[in-house]
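To find a chain, count down the sequence lines: A is the first, B the second, and so on, and within it residues start at 1.
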There are 2 protein chains.
Amino acid sequence: MNISQAADQSGVSAKAIRYYESIALIQPARRSGNGYRDFGADDVHMLRFIARARGLGFSVAEVADLLALYRDKSRASAQVRGLAANAIGRIEDKIAELRSISTALSELVARCHGDDRPDCPILDDLAGTA
Amino acid sequence: MNISQAADQSGVSAKAIRYYESIALIQPARRSGNGYRDFGADDVHMLRFIARARGLGFSVAEVADLLALYRDKSRASAQVRGLAANAIGRIEDKIAELRSISTALSELVARCHGDDRPDCPILDDLAGTA
DNA sequence: TATAAGGTCTCCCCTTACTGGAAGGTCAAG
DNA sequence: CTTGACCTTCCAGTAAGGGGAGACCTTATA
């Protein structure tokens, strides 16, 4: 099948598929006589794997590791679990950071009357006036 | 003062200061006779404003808006509050997304025994085997 | 005075994970 | 034959700077 069919079936855009090929995350696709990339069910399966992993917050580099582990039938599940745990840690750190920012910002918003008057505690705080 | 002093006092790196100048977020700095940028207390104050706003999750484009509002002494506080509310909304959306990802990943990790055996529900799930 | 160390300048490449677009070849339909 | 929808490659750009090269400038020290 052509790239747009593979894109539709996998949920990975055609652009992204070419990108993944360019960075060697996936093997170069077979080519038809006309030079078009030709994908099979296995390719779509692999792309779906990638799409799910990316959706779960794994970086492309981590996806490469996951794919290697996936192909290596003798891998230890601990390795995969380690990758996942790292991803969770990164995500939780980011959440904590955003949570803290959101709280600080919410406090400022609560103190700002938000009407036509120019007085604004948000700007005052940013300016260090407070 | 030179750029590194301004950087130290404002918490904005020298690189970032030059970058902010290049994108016209701040006015081009005065130059000393030797061509070095020359910063004053006002400049440091402005940089600190920027650093705080960036730290609160405002994008550089939003910081530009905030600076304009800061300079406009007749602005309505509602405008500033609106910017902040948008920022909060964006941050909360991102938190919700990360939260969902983290939960899904944690469930997978919990189901993976994580030892020397090759069997791994994480990979199975990514592969769509489950 | 020579020189070494360190600060500054501009400029360009690198990052993440792609997306968009231009220029040009291919294919099926009318 | 032409139109439109594909496909190809390559270049540019995104956010927000970081890293480093090569060239000046300044200051301290021997």
Just call it for B:Arg18: base, sugar-phosphate, or nothing, with non-hydrogen atoms closer than 4.0 Å on any strand. base
Following the transitive rule for hydrophobic clusters with a side-chain heavy-atom cut-off under 4.5 Å over Ile, Leu, Val, Met, Phe, Trp and Tyr, establish whether B:Phe58 and B:Leu67 coincide in one cluster. yes
Between the protein and nucleotides 22-25 of chain C, which nitrogen or oxygen pairs come in under 3.5 angstrom?
unit_1 : atom_1 : unit_2  : atom_2 : d
C:dG25 : N2     : A:Tyr36 : OH     : 2.8

Do A:Tyr20 and A:Met46 come within less than 4.5 Å of each other through their side chains, counting heavy atoms only? no
pair B:Ile17-B:Ile26: side-chain heavy atoms closer than 4.5 Å: yes
Assuming nearest nucleotide by heavy-atom distance, tell me which of B:Gly33 and B:Val60 is located more 5' along DNA chain D. B:Val60
Looking only at side-chain atoms of A:Arg54, point me to the closest of C:dT10, C:dA17, C:dT19. C:dA17
Between C1' on C:dC27 and CD on A:Gln5, what's the gap in Å once rounded to a whole number? 13 Å
Whole-Å distance between C:dG7 P and B:Met1 CE? 16 Å
Do the side chain of B:His45 and the main chain of A:Gly128 share a donor and acceptor less than 3.5 angstrom apart? no
Has B:Arg37 got a side-chain atom pairing as donor or acceptor with B:Ala29's backbone, closer than 3.5 angstrom? no
Quick check against the 3.5 Å criterion: does B:Asp38 have a side-chain atom that pairs as donor or acceptor with the backbone of B:Arg31? no
Less than 4.5 Å apart, any side-chain heavy atom of A:Gln5 and any of A:Val44? no
Rounded at 0.5 Å granularity, tell me how far CZ in B:Arg48 sits from CD in B:Gln9. 7.5 Å
So, does A:Ser100 use its side chain to make a donor-acceptor pair with the main chain of A:Ala96 at under 3.5 Å? no
What nucleic acid atoms does A:Ile3 come within less than 4.0 Å of, heavy atoms only: base, sugar-phosphate, or nothing? sugar-phosphate
If I take atom CG in residue B:Asp38 and atom P in nucleotide C:dT8, what distance separates them, rounded to the nearest angstrom? 12 Å
Strictly below 4.0 Å: does B:Arg31 bring a side-chain N or O up to OP1 or OP2 of C:dT10? yes
Mind checking which nucleotides bracket the chain A contacts on DNA chain D, 5' to 3', with an atom under 4.0 Å from a heavy atom? D:dC6 to D:dC10
